[in-house]
Amino acid sequence: MFDGAWDRLRKLFGPRTGGAVDGTAGAPRARRETRQHNIFEAAAVYVSACAEDDERRIEEAAGWVSPEALSFGVNELACRAVIALARERGESPQSVARTLLGLPAA
């Protein structure tokens, strides 16, 4: 029943097969490895690399999946992290999110 939907999601959020190396359309993207990465693995590496200011890993993880898939994965990671911190602290997810962003309490 859901096989068609899963296939469409895999195509939409699966690894990119090509793209621009330097931002120019149509240029083939160099692939150093043949292993495919899923969106959550890409998001985990991307976010941790951003936290560590590791530009090489940021660019590497960003190339594993489409920008849309990476955005979805980062969003899912953020939601899960805020929920986990909220449970750990005994606070609401909104309170934790605002604190992490340095915003005043609502």
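E52 is linked by a side chain to side chain donor-acceptor pair (under 3.5 Å) to R57, counting only residues two or more places apart in sequence or in another chain. By the side chain to side chain donor-acceptor pair (under 3.5 Å) test, R80 is found to be paired with E76, residues two or more places apart in sequence or in another chain being considered. Taking the side chain to side chain donor-acceptor pair (under 3.5 Å) definition, one finds that T99 meets it with nothing, sequence neighbours left out. Partners of E41 by side chain to side chain donor-acceptor pair (under 3.5 Å), not counting sequence neighbours, listed by chain and number: R35, H37.
The two residues A42 and A61 make their nearest non-hydrogen contact at O-CB, 3.7 Å.
For residues 91-106, there are no salt bridge (Lys or Arg N to Asp or Glu O under 4.0 Å) pairs, not counting sequence neighbours.
Hydrophobic cluster membership differs between V74 and V82, with clusters built from Ile, Leu, Val, Met, Phe, Trp and Tyr side chains linked at under 4.5 angstrom. One hydrophobic cluster, built from ILVMFWY side chains closer than 4.5 Å, cannot hold both L85 and L77; they sit in different ones.
Summarising the local packing, CZ of R89 is surrounded by more than 12 heavy atoms from other residues, nucleotides or ligands at distances under 6.0 Å.
Taking CH2 of W64 as the reference point, atom CD1 of I39 lies at 13.5 Å (rounded to 0.5 Å).
By the 4.5 Å heavy-atom criterion applied to side chains, F72 and V65 are not counted as neighbours.
As a member of the Ile/Leu/Val/Met/Phe/Trp/Tyr network built from side-chain separations under 4.5 Å, L101 groups with L103.
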